[in-house]
Peer 1: 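A single structure is presented below for examination.
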Amino acid sequence: MKLLLGITGSIAAYKSADLARLLTREGHEVRCILTEAGGRFIPALTLASLTGQTVHGANPELNEWRPSPVVEHIDLARWADLVAVVPATADIMGKTAHGLADDLLSTVLLATRATILWAPAMNTGMWDNAAVQANVACLRERGHRFVEPDEGLLACGESGQGKLAEIEDIAEAIRALGNPKLPTLVGRQVLVTGGPTREDLDPVRTLTNRSTGSMGVHLARALRDAGAHPHLVLGGDLAAPWGVPTIRVHSAEHMLTACRELWPRMAGCFAAAAVADQRPEHRAEQKVKKQEGAESLLLVRTPDILATLSKEKKPGQWLVGFAAESERHTEHAMVKLERKGLDAVLVNDITGGKGFGFRPNTLVPVVAEGAQPELGPLPKDDLARAVVAWWAGRL
Ligand SMILES: Cc1cc2nc3c(=O)[nH]c(=O)nc-3n(C[C@H](O)[C@H](O)[C@H](O)COP(=O)(O)O)c2cc1C
């Protein structure tokens with residue numbers, strides 16, 4: 001992605017150095033524009049060193065009016081896949097909302113046809129000011145995107161909304177808006193399930209499994225970045241990804257209800273959740289007291305979410321399942337594919353504790369024609385992107 005990062009005159013400007021470093025390390029091309037006030041809070045030298053790119057802007061050492069063989073503001077405006085202003089002052093948003101262009105950044109913001117993302121930071125009184133809110137509403141109406149400021153203790157000593165959002169959340173929004181899109185997925189609504197389910201024995205004890213939900217979360221992110229509209233149905237405790245509507249669920253029954261509600265509107269589904277196959281026959285209302293000697297627990301089957309979605313599948317809808325296997329991987333996946341009416345099964349080898357948590361992982365896609373070349377080994381975020389790209393290529 002080619003990211004143009006505007007940095008304006010807020011105390012939070014020093015945080016934009018971390019953002020520039022993070023995104024540069026991920027392989028994105030990051031060019032910075034400093035306003036004159038922004039340059040008082042963070043040196044251009046820091047940004048140039050972290051990004052390996054010339055810093056553009058208005059402070060005297062950068063001299064935005066220097067004679068140049070290209071028209072700098074138009075060149076930068078055309079170059080960018082995304083323009084992000086982090087931190088964004090009340091001033092720069094007000095200027096852009098009113099069509100003013102009196103320095104390089106404000107001129108680029110008017111000239112660019114790329115998506116514009118704002119991460120405002122300011123004192124609570126300024127953020128709550130009716131004029132600022134009117135400017136934000138005006139920019140939103142024109143299709144500009146925002147990462148809202150957080151609530152917290154501000155540099156001025158006041159508490160309230162106005163603190164620059166976390167850098168990782170801003171980076172997420174930048175990836176979501178600026179990463180290249182996959183044409184077969186753009187605008188498609190996709191259901192993603194992830195995480196473990198929990199089947200309660202009583203108010204404190206539960207039957208669950210070792211899934212964390214990271215594959216589901218990374219798949220939802222990868223789909224979002226590819227231009228799809230993922231809807232995540234998530235068990236476990238991981239944070240929901242930025243910009244992805246997420247329904248948190250507890251039991252298999254609960255997950256099924258959420259999935260069935262969404263399914264008629266979806267183009268397809270990636271079912272990465274590790275759904276419990278059994279639940280205790282009874283859930284005790286009060287904590288069960290221990291007894292002397294051996295105890296037994298009667299388990300009954302939980303609903304089969306994939307089989308249910310498959311039965312309710314309309315023409316054109318697709319279903320991709322995941323399988324964790326410890327032996328005869330392809331053979332078991334082919335049985336699952338046919339029995340559950342799936343379009344593909346991604347097989348995870350779980351021998352020796354592989355496949356769970358945050359370690360690099362490998363998946364073998366199995367479709368009606370048989371096993372396909374494996375994806376990985378890759379960290380789960382890259383693996384999720386590989387899965388999405390592989391599937392988008394088959395659509
Ligand atoms: C110490 C200091 C901190 C400031 N912090 C902020 C801020 O967080 N948000 C904001 O909107 N303005 C802040 N301002 C005011 C802006 O710097 C001022 O409006 C400036 O003209 C903005 O210019 P720019 O938008 O071109 O960068 C601050 C000013 C000073 C002196």
Side-chain angles (χ1 to χ4, degrees), residues 3-20 30-48 51 54-66 72-73 76-77 80 82-112 116-140 142 144-167 169-170 173:
L3 173 70
L4 203 52
L5 182 60
I7 300 159
T8 61
S10 153
I11 305 166
Y14 71 94
K15 296 183 182 172
S16 59
D18 261 347
L19 182 65
V30 182
R31 290 196 197 168
C32 298
I33 302 183
L34 268 175
T35 61
E36 198 270 331
R40 292 171 191 259
F41 288 91
I42 178 156
L45 185 59
T46 306
L47 299 167
T51 59
T54 304
V55 174
H56 306 262
N59 62 351
E61 74 193 83
L62 299 172
N63 178 16
E64 72 183 41
W65 302 115
R66 67 177 172 264
E72 200 174 10
H73 61 281
L76 288 167
L82 178 73
V83 183
V85 187
V86 185
T89 53
D91 174 68
I92 189 70
M93 293 190 294
K95 284 202 294 200
T96 307
H98 290 86
L100 301 179
D102 66 352
D103 66 1
L104 183 63
L105 180 59
S106 52
T107 313
V108 167
L109 285 162
L110 291 193
T112 191
I116 297 173
L117 176 72
W118 302 93
M122 65 197 72
N123 161 274
T124 308
M126 288 173 80
W127 176 250
D128 288 341
N129 185 290
V132 172
Q133 286 303 314
N135 290 335
V136 168
C138 161
L139 293 168
R140 269 191 213 284
R142 292 179 190 155
H144 295 211
R145 308 294 298 267
F146 281 81
V147 183
E148 293 263 326
D150 284 342
E151 293 203 12
L153 182 64
L154 306 174
C156 57
E158 285 181 24
S159 263
Q161 195 175 8
K163 196 176 145 91
L164 184 70
E166 292 296 327
I167 287 302
D169 292 341
I170 299 170

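Small disclaimer: the values here were computed from a predicted structure and weren't measured. Both counts, for ligands and for their atoms, begin at 1 and track the order of listing.
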Peer 1: Can you tell me the protein heavy atom closest to atom 30 (C) of ligand 1 and the distance?
Peer 2: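 Checked against all protein heavy atoms, atom 30 (C) of ligand 1 sits closest to Phe41 CZ, 3.9 Å.
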Peer 1: In the complex you have, is atom 18 (C) of ligand 1 within reach of the protein, judged by whether a heavy-atom distance drops under 4.0 Å?
Peer 2: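 No, no protein heavy atom sits under 4.0 Å from atom 18 (C) of ligand 1.
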Peer 1: To the nearest 0.1 Å, how far is atom 11 (O) of ligand 1 from its closest protein heavy atom, and which atom is that?
Peer 2: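 For this ligand atom, the closest protein heavy atom is Ala90 N, 2.8 Å.
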Peer 1: Looking only at side-chain N and O atoms, does Asp150 offer a donor or acceptor that is under 3.5 Å from a partner on Gln161?
Peer 2: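 Gln161 vs Asp150: no donor-acceptor pair found between side chains.
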Peer 1: Between Val147 and Val86, is any pair of side-chain heavy atoms under 4.5 Å apart?
Peer 2: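 They are not in contact (no side-chain heavy atoms under 4.5 Å apart), so the answer is no.
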Peer 1: How far is atom 6 (C) of ligand 1 from its nearest protein heavy atom, and which residue and atom is that?
Peer 2: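 Ranking protein heavy atoms by distance from atom 6 (C) of ligand 1, first comes Gly9 O, 3.5 Å.
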Peer 1: At what distance, to the nearest 0.5 angstrom, does CE of Met93 lie from OG1 of Thr8?
Peer 2: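 It is 8.5 Å, given to the nearest 0.5 Å.
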Peer 1: Contact between Ala121 and ligand 1, counting heavy atoms under 4.0 Å?
Peer 2: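 Contact check Ala121 vs ligand 1: positive.
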Peer 1: Tell me: protein heavy atom nearest atom 20 (C) of ligand 1, and distance?
Peer 2: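 Result: Ala37 CB, 3.9 Å.
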Peer 1: Is there a polar contact, in the sense of an N or O pair closer than 3.5 Å, between Lys95 and ligand 1?
Peer 2: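 So ligand 1 has no N or O lying under 3.5 Å from an N or O of Lys95.
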Peer 1: Between Thr8 and ligand 1, does any nitrogen or oxygen pair lie at a separation below 3.5 Å?
Peer 2: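 No, Thr8 has no N/O under 3.5 Å of an N/O on ligand 1.
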Peer 1: Compute the shortest N/O to N/O distance between Thr89 and ligand 1 and return yes if it is under 3.5 Å, no if not.
Peer 2: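 N/O-N/O distance under 3.5 Å: yes.
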Peer 1: Considering all heavy atoms of both residues, which atom of Cys32 and which atom of Thr51 are nearest to each other, and what is their separation?
Peer 2: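 Cys32 and Thr51 have their closest heavy atoms at SG-CG2, 4.2 Å.
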Peer 1: How far is atom 8 (O) of ligand 1 from its nearest protein heavy atom, and which residue and atom is that?
Peer 2: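 Heavy-atom neighbour on the protein nearest atom 8 (O) of ligand 1: Ser10 OG, 2.9 Å.
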Peer 1: For atom 24 (P) of ligand 1, find the nearest protein heavy atom and state the residue, atom name and distance (0.1 Å precision).
Peer 2: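 For atom 24 (P) of ligand 1, the nearest protein heavy atom comes out as Asp91 OD2, 3.4 Å.
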Peer 1: Which of the atoms in ligand 1, numbered in the order shown and given with their element, are less than 4.0 Å from a heavy-atom of Met126?
Peer 2: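 The list of qualifying atoms is 10 (C), 11 (O), 12 (N).
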Peer 1: Return the CG to CG distance between Leu109 and Asp103, rounded to the nearest 0.5 Å.
Peer 2: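 These two atoms lie 9.0 Å from each other.
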Peer 1: Taking N or O atoms only and a 3.5 Å limit, does Thr35 qualify as a polar contact for ligand 1?
Peer 2: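 Checking ligand 1 against Thr35, an N or O pair does fall under 3.5 Å apart.
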Peer 1: Look at Arg31 together with Glu72 and state whether they make a salt bridge at an N to O cut-off of under 4.0 Å.
Peer 2: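 Salt bridge: no.
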Peer 1: Working note: Leu139 + Phe146, criterion side-chain contact (heavy atoms from CB on, under 4.5 Å); need CA distance, chi angles, decisive distance, verdict.
Peer 2: CA-CA 9 Å; Leu139 293 168; Phe146 281 81; 4.0 Å; yes
Peer 1: Looking at side-chain heavy atoms only, is the closest gap between Leu100 and Leu110 below 4.5 Å?
Peer 2: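 In short, these two side chains do not touch, never coming nearer than 4.5 Å.
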Peer 1: Using a 4.0 Å cutoff against the non-hydrogen atoms of Ile92, which atoms of ligand 1 qualify?
Peer 2: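 Within the 4.0 Å cut-off of Ile92, ligand 1 contributes 25 (O).
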Peer 1: I'd like to know if atom 4 (C) of ligand 1 has any protein heavy atom within a distance of less than 4.0 Å.
Peer 2: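 Within 4.0 Å: yes, protein heavy atom nearby.
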Peer 1: A side-chain contact here means heavy atoms from C-beta on lying under 4.5 Å apart; do Val85 and Ile92 qualify?
Peer 2: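 Contact flag for Val85/Ile92 side chains = yes.
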Peer 1: Tell me if a side-chain donor or acceptor on His144 pairs with a main-chain N or O of Arg140 at a distance below 3.5 Å.
Peer 2: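 The answer is no, because no donor-acceptor pair under 3.5 Å joins these two groups.
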